[in-house]
Structures are given as C-alpha cells and as structure tokens.
Amino acid sequence: MSRPTSGPVASDPSWGNRSDLDVLNRDIPRVDGPVKATGEAVYTHDVRLPDMLWARVLVHPVPRAEIESIDVEAASEMPGVVHIEALKEPGDAVRYLGDDAVLAVVAAETPDQAADALGAIVVKARRLAPVVTPEQALKEGAPVVSRRRKADSNVGRANERGDEAVADAALAGAVAVVERTFVVPIQHHVCLETHGHVVQPAPDNEQVTVYASTQSVGGTPRGLARTLGRDASKIRVLTPHMGGGFGSKFGPGLEGALAARVANVTGRPVHLMLTRADEFAIAGNRSGSRQKLKVGADSDGRLVGLKLEADKLGGVSGGSLPGPPYIYTVTDGAAVFSKIRSVHTATDGSRAMRAPGHPQASFAMEAAVDELGYLLGMDLVDIRIRNLESAVHHRQLRRVAEEIGWADHPNRDRPGAAVNGRAVGIGFGVSVWGPGGRSSRCDVTVRPDGSVVSATATQDLGTGARTYVAAIVAEELGLTVDMVEARIGDSDLPPSVTSGGSVTTGSSAPAIKDAAHKAREGLEALLTDVLEAPVGSYVWKDGRVSVRGDASRSLPWIAVCALLREPLLAQGEFRDFLHEGRIHGAQAAKVEVDTLTGRVKVLKMVTCQDQGLPLNRLALRSQINGGMVQALSYGLLEQRVFDEQDGFLLSDNLDLYKIAGSQEIPEMVALIDDEDERPSVCGMAEAPVIPGHSAIAGAIHNACGARLTRMPFTADNVLETLYGKI
Amino acid sequence: MREMDPSSGEPSAISRRSFLKGATQVAAAGGIIGGAPASEQGTAVEPEVETLSGSSSMELLVNGKSRSVEVQPRTTLLHALRNQMKPPLTGTKEVCGTGSCGACTVLIDGQPAYSCLTLAVTCAGRPVTTVEGFGSADAMSDVQQSFCDKDGMMCGFCTPGFVVATHAALDRAPKATLDELKYELSGNFCRCGTYPHVFDAAQAVQKDRARGEDGR
Ligand code: FES
Ligand code: FES
C-alpha cells in the first residue's frame with residue numbers, strides 16, 4: 001500500500017523550543033477519555049465472543065499442604081461444564097500460596113456454572129505448617145519453603161557490601177547517631193481489573209487472538225507460544241484498554257497459560273479472569289522488608305557513616321531493596337556497610353511494583369535523616385540539602401517547602417507536641433528514578449485524504465500513552481490531536497517496550513517523534529516542486545504548511561496530502577538523543593495527629609517533579625497525584641493479614657485490605673518542575689510513589705514526636721509509639 | 001457467587017425440592033418478581049411461596065429500554081447486565097463483587113446502588129441507569145465531559161462507577177462542598193489515584209450547572 005520514505009534525511013528530529021510548541025507541554029485531554037467515561041471502552045474483562053467459555057481456577061486456601069485427592073467427577077457432570085482439569089496429583093505438594101496453589105481449572109458455558117463446578121470439586125489435603133511470617137520462616141527447624149535449589153533454610157545468601165569495620169569506626173566518630181529497625185509490610189498492587197485473558201483459538205494457518213490485561217502486548221505472544229504450540233508470530237495479542245498493572249502484569253502467568261490450554265483443548269474462546277480473592281492470593285505483591293539501619297552525622301549534619309542489615313520479604317521470591325545510602329550521600333563512601341538477604345515464606349512471590357524496592361528504602365532513610373536533624377537541631381530541609389548531591393533536589397525541596405508553608409511552621413528543627421490532643425506536623429522525602437529508553441518502533445501513515453495514523457505496539461496502563469502517540473505526531477505536522485489516530489495495544493503493530501520501570505515514554509516517544517519527522521520530510525519532499533523551497537524550510541502550524549519566512553507560500557493540510565498518490569509510510573525508531581535518563585522529585589506532607597485517638601489525617605501533600613520535556617501536563621499531574629495517593633494508601637492503610645495458625649489469607653478482599661478512598665485524600669498539589677529545561681523526554685510514573693509515606697511518617701514525628709518505625713500508620717501504631725504497648 | 005455454595009456437600013432437602021420444581025415454578029414466579037421485595041412492603045417473607053430457583057426470563061428496564069434477560073434468583077443485577085443481557089452492557093465493572101469498591105455503581109429508581117449486591121429479580125419494573133445511559137462517546141453528559149476535561153481517570157476501570165456516583169451526588173447535593181463531595185463519593189475506590197481530578201471534575205460541573213441556573 002505504501003512506500004517507505006527514503007533518500008537523504010535533511011535533519012534530525014528535535015523536540016523544538018518549548019515556546020514554539022502548540023500541542024505538547026500543555027494540558028491534553030486523553031484521547032480515550034470519552035470511551036472510558038461512557039463505559040464504551042472494552043477491557044479484557046469485557047470481551048464477549050460468540051461461543052465463549054468462562055473459566056475459573058481453584059486456589060487452595062492455605063499455603064502448604066499435601067494433596068490426597070482432587071475429585072472432579074461430580075463437578076464435571078454439572079450443567080454447562082465443558083472442561084475440568086485437576087492440576088495436581090495425589091501425593092503432590094502445595095508449596096506456597098501463589099500459582100503453586102492452583103489446583104484445578106474449570107470452563108463452563110456461563111460464569112455461574114463455572115463457579116458452581118469449582119465449588120463441587122472435592123479436595124482432600126493434609127494441611128502443613130503454614131510458614132507465612134518471617135518469624136515462622138526463621139524459627140529453628142522451620143520447614144524449608146525457599147524455591148532455591150538445595151536450600152537448607154529459608155534465608156537466601158546475604159549480599160554484603162562495604163567494610164563493616166570502616167563503617168563502625170566512622171559511626172563511632174559521629175556526633176549524632178540514629179539506630180532503628182524499620183518494618184515495611186507487603187503491599188498488594190490491587191489493579192482494579194484483575195489479571196486475565198480471553199483466548200480465541202484458530203486453525204494452524206491463522207493467528208490465535210488473545211485479549212490480555214497486560215503491560216506487555218509485545219512480550220505476551222512469546223509467553224504463550226509454547227502452551228499454544230505455535231510460533232509467537234501466529235499469536236496476536238490485543239490490549240485496547242487495561243485496568244491497571246503497576247508492575248504485576250508482565251507475562252501471561254499461570255492464568256494466561258491455563259486460558260490458552262483450555263482454548264486449545266476445547267477449540268472454543270475462553271475467558272479467564274482471576275476473581276478478587278484469587279488476585280490477592282496469586283497475582284504478586286510489593287515485597288516487604290525489615291531494615292536495621294544505623295546512620296551517623298558530623299556536627300554540620302553531614303552523613304559520615306551508615307550500616308544496614310536488612311531482610312527482604314518477597315514470599316517465595318527474592319524481594320527488592322536498593323543498597324544504601326538511599327539517594328543521600330555519605331561523605332566517605334567507604335564508610336557504608338550493608339548486608340541484605342531474603343527471608344522466604346510460603347506466600348506469593350513478590351513482583352515488580354511501581355519503583356520496586358524504593359519506597360521501602362525511602363521509609364528507613366528519610367526517617368534517619370529526620371532524626372539526625374532533630375539530634376543536631378537542624379532544619380529538616382537544610383539537613384536534606386546538605387546531604388543531597390543534586391541541585392535539582394535542592395530547588396525542588398525549597399519549592400515544596402514553600403508550597404506547604406514550612407517557613408511559618410513552628411517545629412522546623414525539633415518535633416512539636418500536642419495541644420489539646422491535636423498536633424500538626426510537616427515531613428519531607430525525595431525520589432530519583434533512571435528509566436532511560438530502549439529500542440522501540442513506530443509507523444506513521446499519512447493518507448491522500450488527509451487522515452493520519454500513528455501506530456506502535458505499546459499499551460496504555462492509564463498513563464496517557466495513547467494520547468501522546470497521537471499528540472507527538474500532531475505537534476510535528478501542525479495538526480490537532482484529534483486529526484491523528486493513535487493505534488496501540490496490538491502485538492502486530494511495530495514493536496515497542498514492555499511498560500515497566502517508567503521506560504515507555506523514554507522509549508516510544510522518540511520513535512514516534514522520529515516517524516513523525518520522517519513523515520514531515522516525506523511531505524516536504526513533495527512540496528519542493530509546489531512551494532519551491534527545499535526540505536527543512538517549512539513551518540507546519542495550525543493545519544497549514546508554509547515556507548519559513550514567507551507566509552504567502554502556503555498550503556492547507558488537505559491540499560498537501562492530496563499531492564500524495566498513495567499513502568506515505570514513515571517508519572520511526574528509538575533515537576537516543578530524544579530521551580532523558582534520570583529524574584528527580586521532592587515531596588512534602590502535612591498531617592494532623594489526634595494524640596488521644598491516634599488518628600492521623602493527612603492535610604496536604606505536595607510534589608515537585610522533573611521529567612525533561614512534559615509531553616502532556618494534564619496526564620503528568622494525574623500521574624503525580626496517583627503516586628501521592630498510592631503512597632498515602634501504603635503509609636496509612638494497607639496491611640496484608642494472614643492467619644498465622646492455619647495460614648489463611650484473611651485480607652483477600654477490599655473490605656479487609658483497605659486502600660485509600662476519597663475521604664482520605666487531602667489537598668494535593670502536583671508541581672511540574674519547569675526549571676528542568678532538558679530538551680528530551682522521560683517517563684516518570686515510578687518517582688512520585690517513592691517518598692510520600694516517608695514524608696507522612698516524618699510529618700507524624702514532626703507533629704508529636706512519635707517516630708513510627710512500622711507501617712501502616714494506624715491509630716494503634718501511633719498510640720503504641722506515643723505511649724508504649726498497652 | 002457467594003449466594004450459593006455447592007461445596008457444602010449434598011444439597012439440602014429444600015434446595016433439592018426447589019431445584020426439581022424450578023422449571024414449573026418459574027412461570028408462577030413472575031408475579032413475585034414483579035412486586036416490590038417483601039421486606040420493603042413490611043410483610044414477612046413466606047418461604048414456601050417465595051422460593052425461586054432455576055432460570056426465568058424477566059424484563060429489566062435499563063437506560064429507558066425494556067430488556068429481556070434470563071436470570072436465576074441469585075443473579076445479581078451486575079451479572080445480568082454484564083453477562084446475561086444480549087448484547088451485554090459491560091460499562092458497569094466488577095472489581096470486588098462484595099460491595100466494597102463502587103465500580104459496579106448504577107442508579108436504581110434514581111438512587112445509586114451497588115449492582116453487585118442487588119439481585120436482578122428485585123429490579124423488575126424499576127428503572128435502572130448504567131453509565132451507558134448517561135451519554136455516549138459522541139454525546140457525553142456534562143459529568144462525563146468534565147471527567148475528560150479534568151482528567152478524572154487514568155486506567156479508567158473505576159471511571160464508570162465514579163461517573164454514575166458523581167451524577168447521583170450532584171443530583172442529591174448540587175451545592176455540596178468539597179468535603180461533602182468526598183463523602184458522597186466515598187463508596188468508590190480508584191487505585192490509580194485519580195481522586196483530586198475527580199473532585200475537580202465534579203466541582204467544574206457544579207459551577208457550570210449553577211451558571212446555567214443563573215441564566216448567565
Ligand atoms: S463490584 Fe460492586 S462494589 Fe465492588
Ligand atoms: S483510573 Fe484506574 S482505578 Fe481509577
């Protein structure tokens with residue numbers, strides 16, 4: 001249909017001067033807003049195909065057991081049941097509450113029939129000691145639940161860095177020393193759309209179609225190739241919309257493999273979405289940690305020594321925690337010692353979750369900095385600035401301090417105390433992230449009728465990716481966003497990256513820009529005869545092209561496209577110089593603590609965040625707010641609860657696993673750091689989730705002197721910290 | 001489905017009987033389905049008469065149109081909308097199924113309700129409005145438009161529930177303060193954290209509507 005543009009390229013693409021931008025760096029309403037706001041957007045959950053079967057999985061309710069029998073006979077005879085399969089044999093073990101606890105899969109004509117059949121499966125199993133807490137895992141003689149080969153305990157190999165004696169000596173010479181043990185719980189992603197797929201089988205010579213709620217349309221075909229017994233190119237994955245991932249939806253997982261298998265066996269489309277309870281049990285989490293941190297400072301407040309001993313709590317997985325010192329600098333790098341190990345429990349393995357490991361490290365490090373500040377009588381902003389290398393952090397901290405009213409706050413260098421049971425405090429935290437970018441492609445097609453399509457196999461997790469896939473092209477060609485159709489969420493499109501670690505924007509936006517620029521130059525090549533100016537000397541603006549410096553030589557967009565005899569296809573790829581590698585942020589939180597009831601109310605949160613050139617300021621503020629909301633939720637509310645005796649996951653629902661709702665939301669201010677003038681783009685979703693809970697903990701301490709060392713900051717936690725165990 | 005737990009072993013005498021009677025009882029059930037639930041009439045439920053089972057066909061009045069659906073006594077309005085109606089209405093989302101999140105919010109008789117906690121049979125003759133009933137992508141309601149303008153959504157999975165809840169909140173309390181709006185919307189969760197922009201969207205609608213009333 002089309003010919004790739006060829007011939008000499010007149011210039012490299014560039015994001016241009018900010019003052020010249022008509023589309024980007026502004027508030028762009030998301031292009032899929034209307035379908036989302038009206039319920040027309042079809043998520044994997046909503047896919048309904050003719051003849052579709054409804055599948056469900058049976059998850060064993062406790063983490064460890066020996067299977068005696070799984071009897072599916074009665075269930076298989078129930079109305080509507082088309083496929084039923086036990087996944088374990090008598091004598092098999094259930095080793096942990098995660099994908100290993102999936103005992104059976106059922107597919108039936110209706111969702112109710114599938115649920116009924118699931119309930120009619122008779123499982124006989126001998127329950128074994130649960131091993132759901134680190135204490136149970138570390139107990140003398142505890143059953144080994146680690147998946148490491150030849151493991152003889154539940155402790156992974158310790159990763160030691162630095163020289164302990166050097167760190168000890170530095171700490172001995174410090175003027176102020178803080179030593180605390182911080183406990184960070186495991187957090188669930190709680191994607192509102194659970195994990196799952198709809199698999200539509202096809203004859204061997206055709207493509208199987210898979211609808212997937214995934215962060216990786218590009219990677220999912222490979223993940224299903226073996227199960228489907230066909231080459232990845234014969235699998236087409238579609239993710240038109242997806243209801244949240246946050247790091248938990250990279251591969252098809254067991255649920256995807258089972259959907260594919262049942263579709264293969266039955267030859268019918270299969271809809272398999274996890275239930276909410278399944279999701280809590282087997283769909284991953286953010287690892288917890290126990291961090292014993294000791295930090296010392298000199299009389300100027302400079303950090304001079306640090307020691308960290310930490311356990312990462314990632315269930316059967318390793319968990320994550322970056323090495324210390326987190327973001328802050330210790331004057332002599334040799335005086336930093338750390339020993340980090342994993343402690344395994346028989347619970348679902350941790351997965352990536354928005355800035356894996358970072359919020360955990362932030363919680364301990366920011367607390368230590370606060371306390372050193374108080375010991376030395378230093379202003380909390382000053383001690384941070386003294387120990388942060390980046391001038392970007394300095395200006396951002398000053399900005400959030402101003403916005404939150406720090407200068408007028410009475411307790412800037414010492415904690416306050418309650419008056420009539422009420423105390424107000426302010427706290428701070430910083431973030432960094434280095435998303436970078438990598439290989440990605442995009443096709444831009446301009447048709448003779450003036451229509452434009454921008455296509456790349458990325459996915460929109462709610463970030464607004466679909467919107468910039470159109471907006472970048474609109475900017476380059478002088479069009480409005482609605483004149484460009486964005487096509488994403490389809491593995492058959494030009495390949496792009498898996499959306500994890502904020503790499504999407506830094507990878508795909510340069511490729512989109514490159515394609516748009518090539519399209520523009522392809523059109524300019526046609527104009528050389530018509531408007532008589534060489535490629536590179538045109539201005540594309542307001543739906544017209546004109547010769548730079550001579551507005552009288554000009555054509556409307558439609559007339560330019562009419563010069564095309566066939567569609568023009570421009571193929572763009574990742575261009576390193578169009579992307580940015582490193583971002584920074586600072587946050588402040590203001591809280592009110594009721595010291596009689598222990599209740600914490602967050603009054604205000606502020607973030608200042610850089611990201612190179614902001615593509616869409618509206619979506620950016622949404623992301624920044626989202627980071628603050630999730631951090632607030634993590635800090636104040638979220639708590640996974642196991643019944644330690646028998647191993648039941650008690651918090652497998654949204655009543656007991658509480659996430660932030662509208663009444664917890666304070667005034668939130670999302671500041672885009674416009675002093676960042678880098679002419680390149682960067683993803684930033686991870687950064688704003690990193691320090692919010694740390695800033696809240698700091699604010700609680702600042703308000704009333706209670707340094708909470710474990711999350712969440714529930715009323716009982718506050719009271720116990722203030723008054724001791726009751 | 002939590003209403004029925006087949007894992008409890010042998011069906012009890014009552015449920016077996018109702019199962020056997022299911023097919024014939026359905027026709028007679030029409031009248032019962034059509035009436036208001038006994039609890040609302042203030043009369044005691046009489047088990048022999050009220051027991052329903054099997055599937056029956058009923059009419060649901062959804063977004064102004066009468067739609068025929070096959071339901072069982074246990075079928076929730078949410079499942080009737082999403083799974084039973086042909087074509088299904090999938091704008092209303094299922095997130096928890098247990099009345100905790102608000103993703104399934106619809107209006108029943110003009111009042112917001114969790115459709116996952118509402119049995120379809122109790123909705124006969126009562127107008128139901130889902131997110132699709134407020135507008136379409138080319139003709140959005142003021143609330144839907146405002147959600148787009150203010151970016152009151154990210155992944156969008158909670159958005160239909162929030163749109164319906166916001167419509168209901170602004171109808172019930174047109175002049176709600178920010179704190180009152182937070183209270184009105186407290187039955188809905190958003191994991192992406194769009195709350196600040198959802199509040200912006202609701203307040204922008206309040207302003208627009210007030211301007212309209214002033215005739216300005
Ligand atoms: S699905 Fe109904 S309240 Fe969550
Ligand atoms: S927008 Fe994703 S859950 Fe609300």
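Convention: sequence-line order gives letters A, B, ...; per-chain numbering from 1. Both backbone and side-chain heavy atoms feed into the values below; hydrogens, waters and symmetry mates do not.
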K.L.:
In terms of heavy-atom proximity below 4.5 Å to chain B, should A:Glu193 be classed as side chain, backbone, both, or neither?
P.N.:
both

K.L.:
Pick one of side chain, backbone, both or neither for A:Ser633, based on which atoms fall under 4.5 Å of a heavy atom in chain B.
P.N.:
side chain

K.L.:
A:Pro34 and B:Cys148: which non-hydrogen atoms are nearest, and at how many Å?
P.N.:
N-SG, 3.5 Å

K.L.:
Might you work through the side chain to side chain contact (heavy atoms under 4.5 Å, CB included) test for A:Trp54 and B:Asn83, ending with a clear yes or no?
P.N.:
CA-CA 10 Å; A:Trp54 297 80; B:Asn83 306 335; 3.7 Å; yes

K.L.:
Under the criterion side chain to side chain contact (heavy atoms under 4.5 Å, CB included), I'd like the reasoning laid out for B:Thr75 against A:Asp112: C-alpha separation, chi angles, the key distance, then a yes or no.
P.N.:
CA-CA 9 Å; B:Thr75 305; A:Asp112 286 344; 4.2 Å; yes

K.L.:
How close do A:Leu618 and B:Asp149 get, counting heavy atoms only, and between which atoms?
P.N.:
CD2-O, 3.6 Å

K.L.:
State whether B:Lys150 and A:Asp27 are salt-bridged, where the test is any N-O pair (Lys NZ or Arg NE/NH1/NH2 against Asp/Glu carboxylate O) under 4.0 Å.
P.N.:
no

K.L.:
What distance separates A:Glu279 CD from B:Cys96 SG, expressed to the nearest 0.5 Å?
P.N.:
13.0 Å

K.L.:
For the CD atom of A:Gln630 and the SG atom of B:Cys192, what is their distance to the nearest 0.5 Å?
P.N.:
7.0 Å

K.L.:
Between A:Gly245, A:Gly243, A:Ala670, which shows the greatest number of heavy-atom pairs under 4.5 Å with chain B?
P.N.:
A:Gly243

K.L.:
Check the pair A:Arg621 / B:Asp200 against salt bridge (charged side-chain N to carboxylate O under 4.0 Å, His left out), numbers first and verdict last.
P.N.:
CA-CA 12 Å; A:Arg621 292 197 302 275; B:Asp200 287 355; over 6 Å; no

K.L.:
Need one label for A:Met668: side chain, backbone, both or neither, based on atoms under 4.5 Å from any heavy atom in chain B.
P.N.:
side chain

K.L.:
Is it true that A:Glu638 and B:Arg191 have a side-chain N and a carboxylate O under 4.0 angstrom from each other?
P.N.:
yes

K.L.:
Which heavy atom of B:Ala137 sits nearest a heavy atom of A:Thr38, and at what distance?
P.N.:
N-CG2, 3.7 Å

K.L.:
Counting neighbours of NZ on A:Lys604 that are heavy atoms of other residues, nucleotides or ligands and sit closer than 6.0 Å, is the number greater than 12?
P.N.:
yes

K.L.:
For a quick test of reading the model, state the closest non-hydrogen atom pair linking B:Pro88 to A:Arg48 and the distance between them.
P.N.:
CG-CG, 3.6 Å

K.L.:
To the nearest 0.5 Å, what is the distance between CD1 (A:Ile659) and SG (B:Cys190)?
P.N.:
8.0 Å

K.L.:
Return the option, out of A:Lys658, A:Glu664, A:His189, A:Glu667, with the maximum number of heavy-atom pairs under 4.5 Å with chain B.
P.N.:
A:His189

K.L.:
Could you look at A:His271 and say if it's the side chain, the backbone, both or neither that has a heavy atom under 4.5 Å from chain B?
P.N.:
neither

K.L.:
Contact part of A:Gln623 toward chain B, heavy-atom cut-off under 4.5 Å: side chain, backbone, both or neither?
P.N.:
both

K.L.:
Taking A:Val122, A:Ile28, A:Asn625 one by one, which has the highest count of heavy-atom pairs under 4.5 Å against chain B?
P.N.:
A:Asn625

K.L.:
Contact part of A:Leu192 toward chain B, heavy-atom cut-off under 4.5 Å: side chain, backbone, both or neither?
P.N.:
both

K.L.:
What residue, out of A:Val35, A:Val190, A:Leu461, has the most heavy-atom pairs lying under 4.5 Å from chain B?
P.N.:
A:Val190

K.L.:
Would you check if the distance from the ring center of B:Phe157 to the ring center of A:His45 is below 6.0 Å?
P.N.:
yes

K.L.:
If you tally heavy-atom pairs under 4.5 Å against chain A, which of B:Arg82, B:Gln145, B:Glu132 wins?
P.N.:
B:Arg82

K.L.:
Would you please test A:Thr463 and B:Met154 for side chain to side chain contact (heavy atoms under 4.5 Å, CB included) and show each step?
P.N.:
CA-CA 6 Å; A:Thr463 55; B:Met154 292 179 72; over 6 Å; no

K.L.:
Please classify the contact of B:Phe199 with chain A as side chain, backbone, both or neither, using a heavy-atom distance under 4.5 Å.
P.N.:
side chain

K.L.:
So what's closer than 4.5 Å to chain B heavy atoms on A:Asp460: side chain, backbone, both or neither?
P.N.:
neither

K.L.:
Side chain to side chain contact (heavy atoms under 4.5 Å, CB included) between A:Leu654 and B:Val95: does it pass, once the steps are laid out?
P.N.:
CA-CA 9 Å; A:Leu654 286 168; B:Val95 164; 4.0 Å; yes

K.L.:
Got a salt bridge between A:Arg30 and B:Asp151, using NZ or NE/NH1/NH2 to carboxylate O under 4.0 Å?
P.N.:
yes

K.L.:
Side chain to side chain donor-acceptor pair (under 3.5 Å) for B:Thr98 and A:Asn653? Distances and angles first, verdict last.
P.N.:
CA-CA 8 Å; B:Thr98 54; A:Asn653 57 74; 6.0 Å; no

K.L.:
Main chain of A:Pro666, side chain of B:Tyr195: is a donor-acceptor contact present, judged purely on distance under 3.5 Å?
P.N.:
no

K.L.:
For B:Val163, which atoms come within 4.5 Å of any heavy atom of chain A: side chain, backbone, both, or neither?
P.N.:
side chain

K.L.:
What's the separation between atom OH in A:Tyr43 and atom SG in B:Cys155, rounded to the nearest 0.5 Å?
P.N.:
5.5 Å

K.L.:
Search all heavy atoms of A:Ser662 against all heavy atoms of B:Ser186 and return the closest pair with its distance.
P.N.:
OG-CA, 3.1 Å

K.L.:
Which answer fits B:Ser136, side chain, backbone, both or neither, if we ask what part of it has an atom under 4.5 Å from a heavy atom of chain A?
P.N.:
both

K.L.:
With rounding to the nearest 0.5 angstrom, report the CD to NZ distance, B:Gln144 to A:Lys36.
P.N.:
14.5 Å

K.L.:
Please check this pair: side chain of B:Lys182 against backbone of A:Ile665, looking for a donor-acceptor N/O pair closer than 3.5 Å.
P.N.:
yes

